[in-house]
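Taking it in order: structure first as structure tokens, then the write-up.
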2 protein chains.
Amino acid sequence: MSRERVVDAALEFIDANGLPGLTMRRLGEQLGVEAMALYRYIPSKEELLDAVVESLVAQVRADDVVLDAPRDGWQDFLQRLAHGVRRTALTHPKAFPLVASRPPEAPWLRPPLRSLDWVETFLAGLVEEGFTDEAAVEAYRAYTSFLLGHLLLEVAVHGADLGPLDVLDDETGEPGASRHPTVSRLRGPLSEDRSAVEFEEALEALLDRLTITRNEHLAD
Amino acid sequence: MSRERVVDAALEFIDANGLPGLTMRRLGEQLGVEAMALYRYIPSKEELLDAVVESLVAQVRADDVVLDAPRDGWQDFLQRLAHGVRRTALTHPKAFPLVASRPPEAPWLRPPLRSLDWVETFLAGLVEEGFTDEAAVEAYRAYTSFLLGHLLLEVAVHGADLGPLDVLDDETGEPGASRHPTVSRLRGPLSEDRSAVEFEEALEALLDRLTITRNEHLAD
DNA sequence: ACCTGAACACCGTTCAAGT
DNA sequence: ACCTGAACACCGTTCAAGT
């Protein structure tokens, strides 16, 4: 038994049973131990959830595609990072929303992301690639809100935080053509999952925007 | 006592004490009644939270600036809608994340937002303004992920879901210049709150993108 | 050193009983 | 018709006691 084993088990448990299902007592059971034993390794459930988020961040860094620093330019760097985060989000759809909902490590940071390591990698990479300080900060903000928005929605599609086996009520899902005629008529296209393509397109559009602001800042 | 009074009290309670603090027993207390009495008006806590989300959506619609249908073109329509949602999000920063975390009303919808009424208003408005079905659906996706990403981060800045009075630990907030030199150096610009300007800029950029895809779809 | 049993203060929710 | 008391099955967490 170890802290790492507890955190890993927690992530597995969330993947399998959803966030609301996670309980110290049930987690203990899965590890063949009483709940009270877990407190040897983590001080509280809150800190356990923080540790799960850390473990997700570490997983992004361990991704082959992600680089610690730019190699083929900042656009390539940000592309790899975005795809790395996306891959982790899709691997752990039920745990990923934690990244957005845990209280931040550095409250003065706008926006206050959890992982300072991640922010450091991001900013240092861009500055290294010739971004001014202001352009790097602006890029950080645009990039994080883009990633968060896309991935939270995409992850919700993959059955995010419905509980364990919430029977999906197909009746309620039926539009009721009278109240929502347009939704009803567009049901075909609306139920298509185009998230991969849209992610690419939006990322491309964002990088274009960043190129412009980068050059504006350099010109000053 | 009435369902409406219970839902309103729940929203007030979340605004004041944070989402984790909301308890049937404490909510009852605030209403001068035992927790069990609430079950006359709502079937469960889960449905109470759904009702809170509905109430937030209703608040957006009641906003003076928001229109039920386009009047001065679709760009004006989407601008008003975005600002209406933002205003509600900033008025209820601790409750707003519920909008993104409740299980969806229509699971087949990609992405599966909670309020079908909202989706209907959005799509019907754009189609009325000459969007093809496909362009309207694409716009729906780009627009929702933009709004969600921006507002969740902005709302997190305004002290979203820290519990009631989590003493903010300024020490932990200190960068520790050694581990995060860039974050530390950029602390000034990073702690400035520029969310309002950035919201405008990103919204503008999105509307430009939508104009392009709209015209592409019309040309087909 | 590591785990457990019992206990405490809380949850959401049900239901018979009170007014 | 509306609320309450008591109860049930759960929580997170502490701590003395066991091995």
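Just so we're on the same page: letters track the sequence lines, and every chain starts at 1. Given the structure is predicted, the values throughout are model-derived calculations rather than measurements.
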Determine the interplanar angle of the A:Phe122 and A:Tyr143 rings, folded into 0 to 90°, and report it as parallel if under 30°, tilted if 30 to 60°, perpendicular if over 60°. tilted
Mind calculating the distance between CD (B:Glu47) and C1' (C:dT13) to the nearest angstrom? 14 Å
Between D:dT13 atom C1' and A:Leu48 atom CG, what is the distance in whole Å? 14 Å
Any donor and acceptor pair, going by atom type alone, linking the side chain of A:Arg102 with main-chain N or O of A:Glu46 inside 3.5 Å? yes
If only atom types and distance count, is the side chain of A:Arg187 paired as donor or acceptor with the main-chain N or O of B:Leu109 below 3.5 Å? no
Enumerate the residues from residues 35-42 of chain B whose closest heavy atom to DNA chain D is under 4.0 Å, giving them by residue number; use none for an empty result. B:Met36, B:Ala37, B:Arg40, B:Tyr41
Using a distance-only test with no angle check, is there a side-chain donor-acceptor pair under 3.5 angstrom linking B:Thr88 and B:Gln59? no
Expected output check: what is the dot-bracket annotation of DNA chain D, where ( ) and [ ] are pairs inside the strand (brackets for crossing ones), | is paired with another strand, and pairs are Watson-Crick or G-U under 3.5 Å? ||.|||||...|||||.||
Taking everything shown except B:Glu4 itself, do over 12 heavy atoms lie less than 6.0 Å from its CD? no
Would the number of heavy atoms belonging to other residues, nucleotides or ligands and lying under 6.0 Å from CD of B:Glu29 be above 12? no
Mind checking whether B:Phe199 and B:Phe146 have ring centres under 6.0 Å apart? yes
Checking C:dC3, D:dT13, D:dC3 against the side chain of A:Lys45 (C-beta onward), the nearest is D:dT13
Contact list for DNA chain C against residues 24-34 of chain B - heavy-atom distance below 4.0 Å: B:Met24, B:Arg25, B:Arg26
